[in-house]
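To keep things clear, I will list the structure first and then write my remarks on it.
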Amino acid sequence: MDDRTAAARGIDPTQPHPARRYNYWLGGKDNFAADRASGDELQRHFPKVRDGAVANRALLQRATRFLAEEAGIRQFLDIGTGLPTADNTHEVAQRHAPASRIVYVDNDPLVMVHARALLNSSPEGRTAYIEADLNEPESILAHPVLHETLDLKQPVGLMLIAVLHFIHGNGAAQPIVGKLLDALPSGSFLVATHATSDFGTPEQQALYQQLIAQGRSDVWTRPREEFAALFDGLELIDPGVVPASEWRPEPDAVIPARSDINIWTAVGRKP
Ligand SMILES: C[S@@+](CC[C@H](N)C(=O)[O-])C[C@H]1O[C@@H](n2cnc3c(N)ncnc32)[C@H](O)[C@@H]1O
């Protein structure tokens with residue numbers, strides 16, 4: 001997409017955006033120079049940042065498979081969709097249960113353009129898209145498309161994968177997650193991943209705080225304790241709160257160093 005077409009669709013190519021930067025780290029082509037510059041700057045300070053992106057994406061697929069195959073979930077609310085790539089949530093879920101219904105939510109207009117074009121449901125199931133901001137969970141919960149697609153009296157898999165760290169502020173993510181979970185019935189699941197500085201050296205942690213303060217990173221890392229608190233009141237699924245690459249890894253997986261991944265993960269069930 002050239003810059004003029006992008007502008008016409010409400011996309012500002014001069015500002016880096018998380019979906020496009022993540023797409024760049026994953027080796028995709030749907031990104032602009034500003035996204036690549038931002039991605040390169042973060043990678044200069046944290047050389048393994050691409051490994052974290054790859055581990056996060058693999059976790060999304062394993063956790064979706066767990067929900068569809070083991071937990072029997074047939075409805076998914078995936079907030080922070082990202083640009084479509086291989087094995088998106090609906091593809092993994094519908095491979096096991098073709099009638100699965102998925103609502104994707106993102107606040108990036110470019111993600112919406114691609115999602116509508118590429119995230120096509122199986123004939124038995126359904127996919128739908130909402131352009132909305134996770135900072136306003138009420139607008140997601142009130143959206144007619146959500147209610148046309150999902151039955152909120154039946155369990156839902158709430159996927160908040162690598163998106164909560166764009167909610168800035170100490171304690172700011174918890175009320176948002178709480179409002180979303182309140183709207184879902186017993187038997188629903190929360191799957192979340194979140195960037196953390198917990199595994200960095202004190203020097204890396206100080207550098208990271210500086211990048212945030214100077215607006216050179218938009219990823220608001222959280223410590224384990226604050227991430228785990230998002231699951232208060234839920235039954236944590238084994239193995240609990242672990243780095244993304246350690247949540248039910250494939251049997252032949254080589255587990256990378258925690259300081260190369262820097263992403264907390266957990267899955268919880270609403271009792
Ligand atoms: C790093 S990508 C993660 C994509 C996908 N969930 C995954 O893990 O592979 C983060 C996504 O969250 C979206 N996002 C960031 N802040 C958001 C917000 N406040 N509301 C909705 N979506 C947001 C971005 O546009 C991007 O698509």
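Order of appearance sets the numbers: ligands from 1, and atoms from 1 within every ligand. Bear in mind that the values here come from a model prediction, so they are computed numbers and not experimental data.
- By the 6.0 Å contact criterion, NZ on Lys270 is enclosed, its count of non-hydrogen atoms from other residues, nucleotides or ligands being greater than 12.
- No side-chain donor-acceptor contact under 3.5 Å links Tyr104 and Thr127.
- Around ligand 1 you find His17, Ala19, Tyr22, Asn56, Arg57, Leu60, Gly80, Thr81, Gly82, Asp106, Asn107, Asp108, Val111, Ala132, Asp133, Leu134, Asn135, Ile161, Ala162, Val163, Phe166, each with a heavy-atom distance below 4.0 Å.
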Sequence neighbours left out, cut at 3.5 Å: what donor-acceptor pairs do the side chains of residues 66-80 make with other protein atoms?
residue, atom, partner, partner atom, Å
Glu70, OE1, Arg248, NH1, 3.4
Arg74, NH1, Ala68, O, 3.0
Gln75, OE1, Asp151, N, 2.7
Gln75, NE2, Asp151, O, 2.8
Gln75, NE2, Gln154, O, 3.2
Gln75, NE2, Pro155, O, 3.3
Asp78, OD2, Thr89, OG1, 2.5

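- Clustering of Ile, Leu, Val, Met, Phe, Trp and Tyr side chains at separations under 4.5 Å leaves Val254 isolated, with no partner residue.
- Hydrophobic clustering, defined by side-chain heavy atoms of Ile, Leu, Val, Met, Phe, Trp and Tyr closer than 4.5 Å, groups Tyr22 together with Leu26, Val54.
- By the 4.0 Å N-to-carboxylate-O rule, Arg20 lies close enough to Asp108 to be salt-bridged with it.
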